[in-house]
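Proteins get letters first, then strands, A, B, ... in listed order; numbering begins at 1 in each. Computed from heavy atoms alone, side chains included, the values below leave out hydrogens, waters and symmetry copies. On a predicted model such as this, the values are computed, not experimentally measured, just so you know.
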Amino acid sequence: MPVKVSMTVNGKPVTAEVEPRTLLATFIRETLRLTGTHVGCDTAQCGACTVHLNGRAVKSCNILASQADGADVVTIEGIARADGTLHPMQEAFRQHHGLQCGFCTPGMVMSAIDLVKTTPNPTEQQIREGLDGNLCRCTGYHNIVKAIQAASAAMR
Amino acid sequence: MYQFNYHKPASLADAAAALAKNPDAKALGGGQSLIASMKLRLSQPSDLVDLSGIAELRGIKADGGGVTIGAMTRHAEVAASAEVKKAIPALAALAAGIGDRMVRNMGTLGGSLANNDPAADYPAAVLGLGATVNTNKRKIPADQFFKGMYETALEAGEIITSVTFPAPKKAAYVKFRNPASRYALVGVFVADTAGGPRVAVTGAGPGVFRVPEMEKALAAKFSPESVAGVKVKADGLNSDLHASAEYRAHLVTVMAKRAVAAAG
Ligand SMILES: Cc1cc2nc3c(=O)[nH]c(=O)nc-3n(C[C@H](O)[C@H](O)[C@H](O)COP(=O)(O)OP(=O)(O)OC[C@H]3O[C@@H](n4cnc5c(N)ncnc54)[C@H](O)[C@@H]3O)c2cc1C
Ligand code: FES
Ligand code: FES
């Protein structure tokens, strides 16, 4: 039996009929065609699919679209300003070379924003521990940590 | 994932009715364990009854020196709660160390207990503090709740509504993480409670268990040296590619010693 889901995605109200088994990641990528949210592992390990659900980072491959019914969802496409100015976290990743292939980056950025929101002035240790739900196969994390440190200063 | 029907009742009575109507229906907490097992087709519910719309299952109340935490309260909320930090700081710290931030933003106390993963963290706190698991039908003391691997005293369709944790004199939880999964290879929750010291171990065996010899030693003197000489037997402990039963048995003593030291 299909279910109707309504939510706000990047500030815009959306409504659709979906199969109950539709994952939030699938809904975002295939129904809404917002392909910035990546699916790396599909098993809640890598964090590439991280989006914000009512302001908090969650793994969209491990949530049903219907669990987000009525919620406010923000994806990587929704954090820059309307005029194209990057979010301070995106800008910091750019400045500090916090990415190589870029596959993990949308999830890293969404997760890092949540990290800085809950820990406003994180130490290097807090950043490394706070990112334990996000895997990167390229960078070795050093520049990601630097980017988040810089962004936490810019976001203050 | 197989097809299923989805329900989101607004009251506990409606949720209980939806679960009672169909023997293959299952409650949905945060979905952090259940969705993964449904993807793997290890679990095949005909209906999912999402508990997230039931207001009375959320929230944290300080009561009589302890705390009562609603079953649908997320790990991150417990970790950040001023009430929990004040009454039982070890419980807030345990919640802050579950999985990663995304898992903590979705996963719930009730889901973790109902699931009773042999390496889950919350069961150690519930057993270690001698908490009470409240359901829509009854109150279940921790000592009667956990029944071994993924098994609990819950009957079909029974819903955990909250957990009442009495405040201990002191307590601490220390775990040795699996370097890959980050789950506890062995975790030990130690508490000096009104009824005496309690030591609960997760990760080491098929389910959470107490170590009476350590509790007796701590009752005589609450200090790390009291548990340092107490060894648990490797027989019956988990043995897999991550660690042998002997290594896990060894870790129980080491983690217990550290937990007693951390409790102060
Ligand atoms: C990447 C990852 C890492 C993790 N690491 C850890 C870790 O280090 N430590 C740890 O302890 N856990 C860990 N977990 C598990 C996590 O804590 C889960 O959130 C938890 O085990 C299940 O809670 P849930 O609310 O998501 O429940 P669900 O997945 O929704 O449900 C689990 C089971 O409980 C039942 N259920 C749910 N709520 C109730 C209720 N109120 N009454 C009766 N039955 C109910 C469901 O029917 C189902 O059978 C991890 C999970 C992931 C994905
Ligand atoms: S795709 Fe969701 S965590 Fe990897
Ligand atoms: S930049 Fe390639 S996975 Fe992180």
Side-chain angles (χ1 to χ4, degrees), chain A residues 1-5 17-26 39 41-71 107-108 110-119 122 126-135, chain B residues 1-10 22 25-53 58 72 74-77 79-80 93 96-108 111 177-183:
Chain A
M1 213 184 8
V3 284
K4 197 172 123 191
V5 294
E17 289 250 322
V18 299
E19 281 187 358
R21 63 180 169 179
T22 307
L23 299 171
L24 181 59
T26 314
V39 175
C41 65
D42 198 17
T43 55
Q45 305 295 321
C46 76
C49 64
T50 302
V51 300
H52 291 180
L53 182 72
N54 295 325
R56 298 303 302 271
V58 297
K59 290 172 178 168
S60 63
C61 77
N62 206 29
I63 297 178
L64 302 172
S66 31
Q67 284 179 282
D69 186 42
M108 282 286 176
M110 299 311 280
S111 182
I113 293 172
D114 188 27
L115 191 159
V116 173
K117 240 195 284 175
T118 50
T119 317
Q126 285 171 322
I127 294 172
R128 288 185 184 276
E129 283 173 4
L131 281 186
D132 65 355
N134 295 82
L135 301 180
Chain B
M1 209 187 292
Y2 291 110
Q3 292 281 16
F4 57 86
N5 296 312
Y6 174 85
H7 314 268
K8 191 172 174 183
N22 195 325
K26 248 181 186 301
L28 177 67
Q32 297 304 286
S33 296
L34 185 53
I35 291 173
S37 83
M38 288 170 64
K39 281 184 185 175
L40 293 168
R41 299 187 166 183
L42 294 172
S43 175
Q44 192 181 340
S46 61
D47 295 75
L48 278 192
V49 181
D50 187 346
L51 304 178
S52 70
R58 298 287 289 261
M72 283 301 290
R74 315 279 172 183
H75 307 333
E77 295 172 292
I98 298 176
D100 54 54
R101 70 176 48 251
M102 291 81 102
V103 169
R104 291 192 294 274
N105 285 337
M106 279 307 285
T108 68
R177 287 172 183 268
N178 176 316
S181 78
R182 316 295 290 153
Y183 263 94

Top contributor to chain B contacts, counting heavy-atom pairs under 4.5 Å, from [options]:
options: Leu53(A), Leu131(A), Leu23(A); result: Leu23(A)
options: Glu129(A), Met1(A), Lys59(A); result: Lys59(A)
options: Asp42(A), Asn62(A), Val58(A); result: Asn62(A)
options: Cys61(A), Pro2(A), Ala44(A); result: Cys61(A)

Which bit of [X] is near chain B, if near means a heavy-atom gap under 4.5 Å: side chain, backbone, both or neither?
X: Leu115(A); value: both
X: Thr50(A); value: side chain
X: Asn54(A); value: neither
X: Leu64(A); value: both
X: Gln67(A); value: both

Using heavy-atom distances under 4.5 Å, tell me whether [X] contacts chain A through its side chain, its backbone, both, or neither.
X: Ala76(B); result: side chain
X: Leu40(B); result: neither
X: Leu34(B); result: neither

Reported CD-to-CZ distance for the pair Glu19(A) and Phe4(B), which is rounded to 0.5 angstrom: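 One gets 9.0 Å once the value is rounded to the nearest 0.5 Å.
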Distance in Å, Arg56(A) CZ paired with Arg104(B) CZ, rounded so as to fall on 0.5 Å steps: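 The distance works out to 9.0 Å.
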Within the distance-only criterion (no hydrogens, no angle test), does the side chain of [X] pair as donor or acceptor with the backbone N or O of [Y] below 3.5 angstrom?
X: Gln3(B); Y: Arg21(A); result: no
X: Arg101(B); Y: Gly130(A); result: yes
X: Asp100(B); Y: Asp132(A); result: no

Salt-bridge contact Lys8(B)-Asp69(A) (side-chain N to carboxylate O under 4.0 Å):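 Asp69(A) and Lys8(B): not salt-bridged.
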Test log, rule side-chain contact (heavy atoms from CB on, under 4.5 Å), inputs Asp114(A) and Met102(B): CA-CA 9 Å; Asp114(A) 188 27; Met102(B) 291 81 102; over 6 Å; no
Minimum heavy-atom distance Thr43(A)-Lys39(B), with the two atoms named: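 Shortest heavy-atom contact: N-NZ, 4.4 Å.
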Heavy-atom closest contact (Ala57(A) atom, Asn105(B) atom, distance):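 Taking Ala57(A) first and Asn105(B) second, the nearest heavy atoms are O-ND2, 2.7 Å.
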